[in-house]
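Since we're looking at a predicted model, the values are computed, not measured. Here is how names work: the chains are called A, B, and so on, in the same order as the sequence lines, proteins then strands, and each is numbered from 1.
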Amino acid sequence: MDTLQQRLQNPATRAEAFSEVVKSYGPVLYRQVRRLVQYHDDADDVVQETFMKAWAALDSFKGESKVSTWLYRIGINEALAFLSKQKNQVSLADADLEQSLLADAYFDGDELQAKLQRAIATLPDKQRIVFNMKYFDEMKYEEMSEILETSVGALKTSYHIAVKKIEQFFQQGD
Amino acid sequence: MNDILHNPHLRKDPFAVPQGYFEQLHANLASRLPLAQAEPQKARIVPLTGWQRVRPWLSAAAVVALMAITTHTLRSRVAADAQYVTTGIIAMNSETAESDAVYDYLMLNSNSIYEEYDDAN
C-alpha cells in the first residue's frame with residue numbers, strides 16, 4: 001500500500017488525503033467522463049457524484065488497487081449509469097448530435113471531430129469506453145484491464161470491433 | 001476511408017473545460033464533504049530580542065551560583081560543627097567549665113557519661 005492509500009484509510013488523515021485525490025485525479029477523471037457524456041454540465045454532475053460515492057466507500061477501500069484505478073472504476077460506472085438513464089430520453093447517435101456539439105461553448109472541435117464523436121456514440125457503452133481509453137488516452141491494455149476488470153484479450157477484441165464500426169460509419173458518409 | 005482514425009487531428013481532445021473549473025470542483029466538494037480547505041498555517045518565525053537571548057544563560061548562571069553558595073554554606077557549617085565537636089572533646093578531656101555545654105551539644109548529660117563509665121568499670 002502506498003502512503004496515499006494508508007492516509008485514506010486512516011480517519012485522522014482521510015480528509016486531507018481525499019482533498020489531494022480530488023486535486024490530483026480530478027482532471028483525468030473528468031476527461032474520461034466527459035468523453036462518454038460529451039457535455040460539460042453532465043460531466044460535472046457525474047464527476048461530483050463519483051467523488052461523493054468514493055468518499056462514502058472509503059471504509060471499504062482495501063487498498064488492493066491503486067487509488068486512481070479504484071476512482072476511475074467508480075467514475076466509469078457512474079458515467080454508464082448516467083448514459084443508461086439518458087438513453088431513455090435522448091439518443092446520442094442522432095444526427096443532431098453533431099450540430100449540438102458544434103454549437104456547444106465547450107466544444108473546440110471542428111466538423112470532422114464532431115462526426116467522430118457521433119460515430120463513437122453509436123458504439124455500445126463498453127466499446128465506447130475501451131475505444132476512448134485506447135484511442136485518446138493511449139492507455140495500455142493491462143491498465144484498462146485493472147480499471148474495467150476485463151481480460152486483456154476481451155479488451156483487444158472490443159477495441160478492434162470499435163475501430164471497424166467507426167471506419168464503416170465514415171465510409172457510409174452519413 | 002479505412003485510415004480515417006490514423007488522422008492525428010482526430011486524436012486531439014475537442015472538449016474544452018471552463019476556466020477555473022477544477023478549483024471550483026474542489027470548492028463544491030468541500031462544501032459537501034469535510035475536505036481540508038485551508039492550507040495549514042505555517043509557524044511564524046519571531047526573532048528573539050536581546051533580553052530573550054540572554055535570559056536563558058542568566059537563569060543557568062543563577063542556578064549554578066545558588067548551588068555554589070549553598071554548598072559553601074553547608075561546608076562552613078559542617079566545618080564549624082566539626083570544630084565545635086573537636087572543641088567539645090578537648091574541653092571534655094581538659095574537664096573545663098565548658099564541658100556541660102559540650103554535653104548538651106552531644107545530647108548527653110554528665111551523669112549518663114559517668115554511669116556509663118561506672119558500668120564499664
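- Taken to the nearest 0.5 Å, the CZ atom of A/Phe51 stands 6.5 Å off from the CG atom of B/Leu29.
- At least one donor-acceptor pair under 3.5 Å links the side chain of A/Tyr135 to the backbone N or O of B/Leu5.
- Expressed to the nearest 0.5 Å, how far CG of B/Leu10 lies from CD of A/Gln117 amounts to 9.5 Å.
- Within a 6.0 Å radius of CD in A/Glu142, more than 12 heavy atoms belonging to other residues, nucleotides or ligands are found.
- A 4.5 Å side-chain heavy-atom check between A/Glu167 and B/Asp3 finds every atom pair outside the cut-off.
- Connection of A/Tyr106 to A/Val28 is not established within any shared hydrophobic cluster, with ILVMFWY side chains joined at heavy-atom distances below 4.5 Å, either directly or through further cluster members.
- For chain B, no part of A/Asp104 is nearby; none of its heavy atoms comes within less than 4.5 Å.
- Atom NZ of A/Lys23 sits about 9.5 Å away from atom CD of B/Glu23, to the nearest 0.5 Å.
- Surrounding NZ of A/Lys165 are more than 12 heavy atoms belonging to other residues, nucleotides or ligands, all under 6.0 Å away.
- Annotation for B/Ala16 and A/Arg34: closest pair O-NH1, 2.7 Å, computed over non-hydrogen atoms.
- Taking both residues in full, the closest heavy atoms of B/Lys12 and A/Phe136 are given as O-CE2, 4.2 Å, listed atom of the first, atom of the second, then distance.
- When heavy atoms are compared at a cutoff of 4.5 Å, A/Glu20 does not approach chain B at all.
- Nearest heavy atom pair, residue A/Trp55 against residue B/Pro34, reads CZ2-CG, 3.5 Å.
- For B/Pro18 against A/Tyr30, the heavy-atom pair with the smallest separation is CD-OH, 4.4 Å.
- The NE2 atom of B/His9 lies 10.0 Å from the CG atom of A/Leu116; values are rounded to the nearest 0.5 Å.
- Listed for the A/Arg31 side chain is a donor-acceptor partner under 3.5 Å among the backbone atoms of B/Phe15.
- Remark: the backbone N or O of B/Asp13 is not paired with any side-chain donor or acceptor of A/Arg35 at under 3.5 angstrom.
- Of the residues considered (A/Gly26, A/Gly109, A/Pro27), A/Pro27 shows the highest number of contacts with chain B, using heavy-atom pairs under 4.5 Å.
- At a threshold of 4.5 Å between side-chain heavy atoms, the hydrophobic network of Ile, Leu, Val, Met, Phe, Trp and Tyr places A/Ile166 and A/Ile161 in two separate groups.
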